Amino acid sequence: MRRVCIESFQYKPCRLLFYVMNKKVLLVEDSPEALTNLKDLMTMEGYEVITSVNGHDAIDKIYLYHPDLIITDLRMPKMDGYAFLEKVRKTEGGNAVPIIVFSANATPENERKSLELGADLFLKKPCPIEILLSSVQQLLT
Amino acid sequence: MDGHLRILILEDSPYDASFIEKTLERAGFELTTKIVSTRNDFIAALSTFSPDVVLSDHQLPQFSSPEALKISKEKCPFVPFLLVTGAVSEEFAASIILEGADDYLLKANLKRLPTAIKLATERKRTAESLERSENQKRIAEQNLRDAHERLLFHIENTPLGYIEWDDQLNVKSWSKRAEEIFGWTEREFMNHQKNGFSTIYEEDLEWASKISAQLANGEIERNNIQTRNYTKDGRVVWCDWFNSVMKNADGKVVTIMSLVQDITEQKKFIEEIEKLSLVASKTNNSVIITNENDHIEWVNQGFVSLTGYSLAEVKGLKPGHVLQGPETDPATIKRIGEKLRDHESFTEEIINYSKNGRKYWVRLDISPVFNDKRILKHFIAIQTDITTQKEFQNQITNIARELSSLIENANVPIFGVDRNGYINEWNRISFELTEYSKNDVLEKKLTDKLKSAISQEFLEILKNVFEGESIQNYELPFESRTGKQLVLLISVSPRMDVNKNIYGAICVGQDITELFHYRKDLEEMVKERTRDLNEALQKEKQLVEMKSKFVSIASHEFRTPLSNISLAAGFLDKHHKKITPEEFGSKLQGIEKQVSHMTYLLDDILMIGKGEAGKILANYSSISIKDFFTQTVREVEQSAGSYRIRLNLNCSVTQFNVDEKLLRNIVINLLTNAIKFSRQIKDVVLTVSNTSRFLHFEVADRGLGIPEEDMEKLFTAFHRGTNVGAIQGTGLGLSIVKKAVELLHGEIKVKSKIGKGTVFHVALPLDV
C-alpha cells in the first residue's frame, strides 16, 4: 500500500488523482528558498515530491518512500551530497535510483566527483527549468 | 933528524940569532924558529909556541939563563934547554948543566950545535916515553882501585840485588839489596837454603832449573829471565834476573853472577794494563790508557790506525797535546780538563787531528780506573770516530734549521702539538694572528692554554690525526687572546718519526677570517633574500589561493540566488496561469529577496576590494550611542526572522564621534554571524560600555565556537571556519569587520571555545 505524500495536501484536490499515479521525486536541499522553488516547480509538473534538508534525513526518506528519482544539492549540513551519494549507492534499493546533482559548486572537479560517486547527471545552478525538467523526464523513462 | 923542529931562541942579538938559524938550516934541519929577548915574551912563547928545543943566550938584559932554565923546566920539563953563549966560565957551565940544562955551546964554535940538538931531542923523547909508561901504570892501578871501589859501592847500593853462585848454585855472595828483596841475610841464606832453586815458585821451577843448568855448564854465558820466588816470609815476588858466568883460564865455570830486581809492582802494573787493554785490543775503536796524570801509557791498534801515531811516539805525552788542533773547541777541552780533575766518567764529542793533519770527529768515553783502595790509577779513553755521523748530523742539523726557519718565517700560521696535546710548534704568523706569543703557548697543553680559543670538534680531529688521518681544509674557529674571532682554514697532518710512529700533528693554515665573514654575510644575505622570496611566494600563493577561493565561493554564492531567481522566474513563466495571485506575489518577493541578497554580496566584495586598495576613508560624525545600537539590533532581529538579541547598554557617555557606516558594518556583521552560528541556543548578547578613552562592545553567542586552527586566519577574506558545514556565508564578514575596526583606530579581540560559543570584543577610541 503506497502512502500519499502528506505535504501535497496543501495543493488543490483536483490534482490528487493525477498525483498518485505519478512518479515520486526526492528533493534534498538545505536552502529553504531553493527547496521551496524546486518543490513548487516539481509539484506543478505533476510529480509526487518528498523533501529533505540533509543527506542523513534523505537516507531515511529513501527507505520510507522509495523515490523514483533524487535531486540533491552538494553543500549540506550533517551529510553532504557526496557522502549521501556514496551511502545511497550502497543502500539496497537505492543503487538503481537515478540521481541528479544540482549544485552551485559548478566546477568540473565537482561534476567529475559526483559522477564517479554514482550520480547520473550533474546540473549547474542556475539552470533553465526546461533543461531541468527534460532531464528529469529522461531519467524517469 | 926527521921531521920538523920548533926552536925557541932566547937571544938579544939579532945577528947571533940569525947565525944560529943559518947554522941549523945548513945542517939540514927543517925548522920554525921564534926569537924572544925578554922574560915575558919567553914565558908566553913557552906555552903558545910549544917548542921542541929551547936555545938560550947567557947574557940578557934584565934576565939570565939560569932564570930562563928554571922557568923552562917548570913549564916544559921535557923540552931540552941548550945554553948558547959567547963566553962563560967552566964552573958556570958545570953548574948550569947540574941545574938541568941539556948542553952548553959557545957561539964561537957552533959546529957542534946540530949534533947537540939531535942528542937533546932524542933524550927528550926517551925521557918522555919513560915518563908516560910510568904514569900509565900508576893510572891503571888507580883505575883498578877506583873500579873495585865503585863496584863494591854499586853492589851495595844498587837497587838490584847482587848474588854470586858457584856452579852448584850455592850462594857465595849475597848483597844487602838481595837481603831486602828476599828477606834472608847472607848468612841465613847460606845456612838454611840448600841452593837458589829452593826459592823458586813451583810453577817456574822446571824451566828455571833448565836455564840455570845451561848457565852452570857454560852452554850460555848470560841471560835474562823472570821468575817468581818465595821470600823468607812466604810471599811470592816477581824477580828479574840478569845472570852472567865467569870462567877460569880452562873455560870452567867458577862463578855465576846474578843481578836481581824485584819487579812485582811493575808486573802487577803490566798485568793490570794487559787486563785493561785486553778488551781495548780487540776493539776497532781507538783506546788510550793514561796514568793518573793523564800521560799516555798504552794505546791500541785502533788508536794507531785512527791517529797515525805509534805507541812509542805518544807514550808519556798527554793525549790532548797530541791530538787536539786549531778547530778543537776550547770549551770542550776545558770541560774535559775539569772532568779529569774530578775523576768523573764522561762522554764528549771533540775534533781531533791525526798525525798527517786529517781532522776528524770523535766521541770520547773516558772512565777513571781506581785500584781497590779507591786510588786513581788510570784513565781509559775510548775514541769512536764519528766524523761520518757528525757530518751527517751537521747536514741534518742544517736541514732542520732551514726547515724550522721555513716554518718560523712562512707567511701562513703553522703550529703543532705532540701526542699528549702539548704545543711544540708556533710560528711567527701564528703569534701575529692569535696574539698568543711563543712563550705563552710553547710546552703548554693545548686544552689548558687555548681551551676557550678552540672548539671541541678540533680536539676530535686531532684524535683522528693521531690515528694517521690527514685533514684537509678544516675551518677552525679561533678566539684570539684579545677575543677577536678568527677563522683559520687548516690542514692537519700527522708527524712521523723514522719508524713511522706518529708523535704529533702539524697544522698549516691560512687566515680566512675575512673570507669567512664575507661568505657568512653572503650566506646570510642569500638566506634573507630567500626568506623574502619565500614570503613573497607565500603571499602570492595565498593570494592565488584566496582568489581561487573567491572565485569558487563567489560562484557558489552568486549561483545560489541566481538559481533561485531562475527557478522562480521559470515557474512563473510556465505556470502563471495556474497559480493564485498570492502565490505569484510570493514568488516575485522571493525573487526580489534573492536580488537584494546578491546586492549585499556585491557590496561586501566591493568593500573588501576597496579596503584592500586603501580607498575607504572614515567619515566621522557624532551619533547617539543608545539610538544607534537599539536601531541596529532591531534591524538584525527583523532580517533574522523571530530571533531576539539581548542588548545591555552600560554607557556613561551618550554621544560618540564615529563613521556611522563603518560602525554599522561592524555591529551588523558580528550580530548576524553570532545568529548564523548559534541556531541551536538562541542566546546572543550585545553589551556596550565605555572607559575614559574607549567605547567597548561585546557580541557573545553560545554557538559552534571557532576551532583553534582557524583563529589565525579568522580575519582573512574568504576564509571560512572548518566547522561551518553548510552554513551559508561568503567568508567576507569578519574581514570586513577587521578592516572597519582598523579604519576607526580600534582593536578587536576574540575568545572562543568549541561547542560553547564565541565572544568578540571591540574597543574604539572615544576621541580621535
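Each chain gets a letter, A, B and so on, in the order its sequence line appears, and its residues count up from 1. Fair warning: this is a prediction, and the values are worked out from it, not measured in the lab.
Note: B/Asn564 leads B/Thr560, B/Leu567, B/Ile565, B/Asn564 in heavy-atom pairs under 4.5 Å with chain A. Top candidate by heavy-atom pairs under 4.5 Å with chain A, chosen from B/His575, B/Lys593, B/Gln594, is B/His575.
Looking at A/Leu74, there are no atoms closer than 4.5 Å to chain B (heavy atoms on both sides), in backbone or side chain. For A/Leu133, the part sitting under 4.5 Å from any heavy atom of chain B is the side chain, from C-beta outward, and nothing else.
For the pair A/Asn37 and A/Leu41, the minimum side-chain heavy-atom distance is 4.5 Å or more.
By the 4.0 Å N-to-carboxylate-O rule, A/Glu116 lies too far from A/Lys113 to be salt-bridged with it. Between B/Lys574 and A/Glu45 there is a salt bridge, since at least one side-chain N of the basic residue sits less than 4.0 Å from a carboxylate O of the acidic one.
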Handout entry: A/Leu85/A/Val101 under side chain to side chain contact (heavy atoms under 4.5 Å, CB included): CA gap, chis, key distance, verdict
Key = CA-CA 9 Å; A/Leu85 271 172; A/Val101 173; 4.0 Å; yes
